[in-house]
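Note sheet for the following structure.
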2 protein chains.
Amino acid sequence: MARETLNREQIVRAAIELLDAEGIDGLSMRKLGQKLGSAATAMYWHVGNKENLLILAADEVWSEITLPDVPAVGWRPAARELMYAVRGLCDRHRWLVRVITTYYAAGEGMARFQECAYETFDAAGFRDADLDWAVSTPFMFVTGMAFMSGSEVAGIKERAEQESAEQPEKEAEAIAQINALAAKYPRLSASMEAQAQRGQGFAEQVDEVFAFGVETILDGLAARLAARSDAV
Amino acid sequence: MARETLNREQIVRAAIELLDAEGIDGLSMRKLGQKLGSAATAMYWHVGNKENLLILAADEVWSEITLPDVPAVGWRPAARELMYAVRGLCDRHRWLVRVITTYYAAGEGMARFQECAYETFDAAGFRDADLDWAVSTPFMFVTGMAFMSGSEVAGIKERAEQESAEQPEKEAEAIAQINALAAKYPRLSASMEAQAQRGQGFAEQVDEVFAFGVETILDGLAARLAARSDAV
DNA sequence: ACCTGAACACCGTTCAAGT
DNA sequence: ACCTGAACACCGTTCAAGT
């Protein structure tokens with residue numbers, strides 16, 4: 001473990017490990033110092049502050065993405081591949097979306113990815129401002145998805161179930177509450193019931209929503225391209 | 001200010017005010033106590049803990065949304081209206097997306113909104129699992145957008161500019177770095193330059209991405225509906 | 001039933017002092 | 001150039017004690 005001196009790379013790598021293992025709240029300068037066998041305050045010399053460390057960590061992991069060969073596979077498969085790649089990345093590094101959406105971290109790692117996204121949608125036929133928007137739209141969807149799948153489920157039903165498990169005498173009350181809600185929101189409760197009957201967990205559902213969303217957005221983009229070429 | 005006793009509603013309202021004014025990091029139990037003229041620890045009796053308070057606050061603001069009259073306006077305008085409404089909500093309450101994506105807060109306020117979303121996409125013709133996915137896809141996009149527009153911009157360029165402003169002797173170095181990146185990522189830098197020439201700020205750009213994304217997703221959903229009815 | 005105050009175990013960050 | 005230790009100003013939460 002004895003190292004000559006600390007360096008930025010080493011600190012960023014350790015931070016990523018800590019982030020992956022314990023989540024964003026699991027990273028503290030003190031823990032990081034301990035992991036590296038240094039005083040917590042030694043980090044400040046190398047990375048400035050915690051915010052900057054998070055930005056560096058976020059940018060670093062982008063380089064994990066394998067980019068598609070756009071000319072070889074064509075825009076639609078390439079776009080799909082990029083969307084799934086980002087989803088995988090966010091899945092391996094649950095903290096990533098939270099960081100990039102807090103600080104809009106943009107460095108080399110993300111630039112490399114974005115360059116490929118631009119290549120992809122340029123190949124599709126988008127130009128100028130349209131190109132920027134076409135690049136952004138799928139990315140926004142993926143970001144939204146990554147958040148949702150990373151979050152704890154804490155809906156009314158779950159909380160009611162938890163309450164009634166803790167205090168069995170409240171079970172009747174909890175059931176009554178859920179039923180009242182179901183009566184008030186029939187479509188929502190019908191959907192929840194159907195999901196339960198399909199026996200799907202939250203994770204499977206999220207996968208399906210993602211697949212559906214990806215194709216929907218690709219269809220939508222294709223529709224816009226078609227409309228454009230009709231006009232010309 | 002003298003009130004008989006504290007109550008949950010009052011605490012949630014005060015929390016929302018604090019969150020709106022100072023952001024998610026601006027809310028602390030101590031500040032909230034001060035605002036309400038009580039000990040910070042008095043909150044715990046009413047709301048349990050901070051996480052639960054955030055969930056209550058998040059659910060509360062959902063009721064601000066005015067729901068469209070789906071049968072009257074038709075599914076596409078209704079869907080668009082819902083998307084813009086959520087965007088407006090997230091804009092007024094910057095902390096909202098962060099909370100719902102951390103805890104997946106789902107209560108009555110959100111149920112009311114979701115019921116209307118189900119009504120909208122049911123009117124469009126989506127059924128069963130398809131209906132769930134159709135409801136989720138636009139919502140994921142809006143969530144992603146809300147995050148991005150809520151985040152601080154902290155890209156390479158901004159950081160380089162900041163550094164060179166702080167330490168003028170580093171300006172040449174910063175410019176060289178940006179140029180090197182531009183050479184490496186030509187499409188990305190071409191887009192950034194074009195954006196600068198259009199004289200657009202980040203906010204305007206975000207608005208345009210949103211408008212484009214909304215129509216793209218609606219087109220994509222319409223395309224799926226068309227494909228479905230062809231098959232039948 | 002509702003509230004207080006002290007206390008505990010944490011944070012990020014600064015800064016003088018060391019090597 | 002790089003690192004330490006003490007210190008500061010915060011956190012969320014628990015809990016005995018009060019009314």
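Computation of the quantities below employed the complete heavy-atom set of this structure, encompassing side-chain atoms and omitting hydrogens, waters and symmetry-equivalent molecules. Only a predicted model underlies this, so the values are computations on that prediction, with no experimental measurement involved. In the text below, chain A, chain B and the rest are named by the order of the sequence lines, each starting its count at 1.
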### Query
Ignoring hydrogens and angles, does a donor from either the side chain of S28(B) or the base of dG12(D) sit under 3.5 Å from an acceptor on the other?
no
#### Entry: Side-chain (E115(A)) to main-chain (R187(B)) donor-acceptor, under 3.5 angstrom
yes
### Query
Using a cut-off of 4.0 Å on non-hydrogen atoms, how would the nucleic acid contact of L27(B) be classed: base, sugar-phosphate, or nothing?
sugar-phosphate
### Closest-nucleotide 5' rank along DNA chain C - winner of D25(A) and G48(A)
D25(A)
### Task
Using only side-chain N and O atoms of H46(A), determine if any of them is under 4.0 Å from OP1 or OP2 of dA1(D).
no
### Query
Would a 4.5 Å heavy-atom cut-off, applied to side chains only, mark D25(A) and W95(A) as touching?
no
### Query
Got a donor-acceptor pair under 3.5 Å from the side chain of T41(A) to the base of dG5(D)?
yes
### Query
Starting at NZ of K50(A) and ending at C1' of dC11(D), how long is that distance when rounded to a whole Å?
12 Å
### Query
What is the distance, rounded to the nearest whole Å, between atom CD of Q34(B) and atom P of dT4(C)?
13 Å
### Query
Nearest of dC3(D), dG12(D), dT4(C) to any side-chain atom of L6(A)?
dC3(D)
### Query
To the nearest angstrom, how far is W45(A) atom CH2 from dT4(D) atom P?
13 Å
### Query
Roughly, in whole Å, what's the span from CD in Q10(A) to P in dC2(D)?
12 Å
### Query
Under 4.0 angstrom, heavy atoms only, what part of the nucleic acid is L53(B) near: base, sugar-phosphate, or nothing?
nothing
### Message
Side chain of K31(B) only, heavy atoms from C-beta on: which candidate in dC11(D), dA1(D), dT13(D) is closest?
### Response
dC11(D)
#### Entry: Nucleotide dC2(D), atom C1' - distance to CD1 of I11(A) in whole Å
11 Å
### Task
Send over the distance from Y44(B) OH to dT14(D) P, rounded to a whole Å.
7 Å
### Task
Could you check whether the rings of W62(B) and F113(B) sit parallel, tilted or perpendicular, using 30° and 60° as the cut-offs?
tilted
### Summary
Re dA16(C): Watson-Crick or G-U wobble partner, both distances kept under 3.5 Å, found to be dT4(D)
## Note on the structure
When rounded to whole Å, the CG to C1' distance for the pair N52(A) and dT13(C) reads 14 Å
### Donor on one side chain, acceptor on other, H93(B) and D20(B), under 3.5 Å
yes
### Message
On DNA chain D, compare the nucleotides closest to R30(A) and A42(A); which residue's is nearer the 5' end?
### Response
A42(A)
### Task
Using both distances under 3.5 Å as the test, list the Watson-Crick or G-U wobble partner of dC10(D), or none.
none
### Query
Counting heavy atoms not belonging to E204(A), are there more than 12 under 6.0 Å from its CD?
yes
### Task
Rounded off to whole Å, could you give me the CG-to-C1' distance for the N49(B) and dC11(D) pair?
15 Å
### Task
Consider the side chain of A39(A), meaning its heavy atoms from C-beta on, and name the nucleotide among dT4(D), dT13(D), dT13(C) that approaches it most closely.
dT4(D)
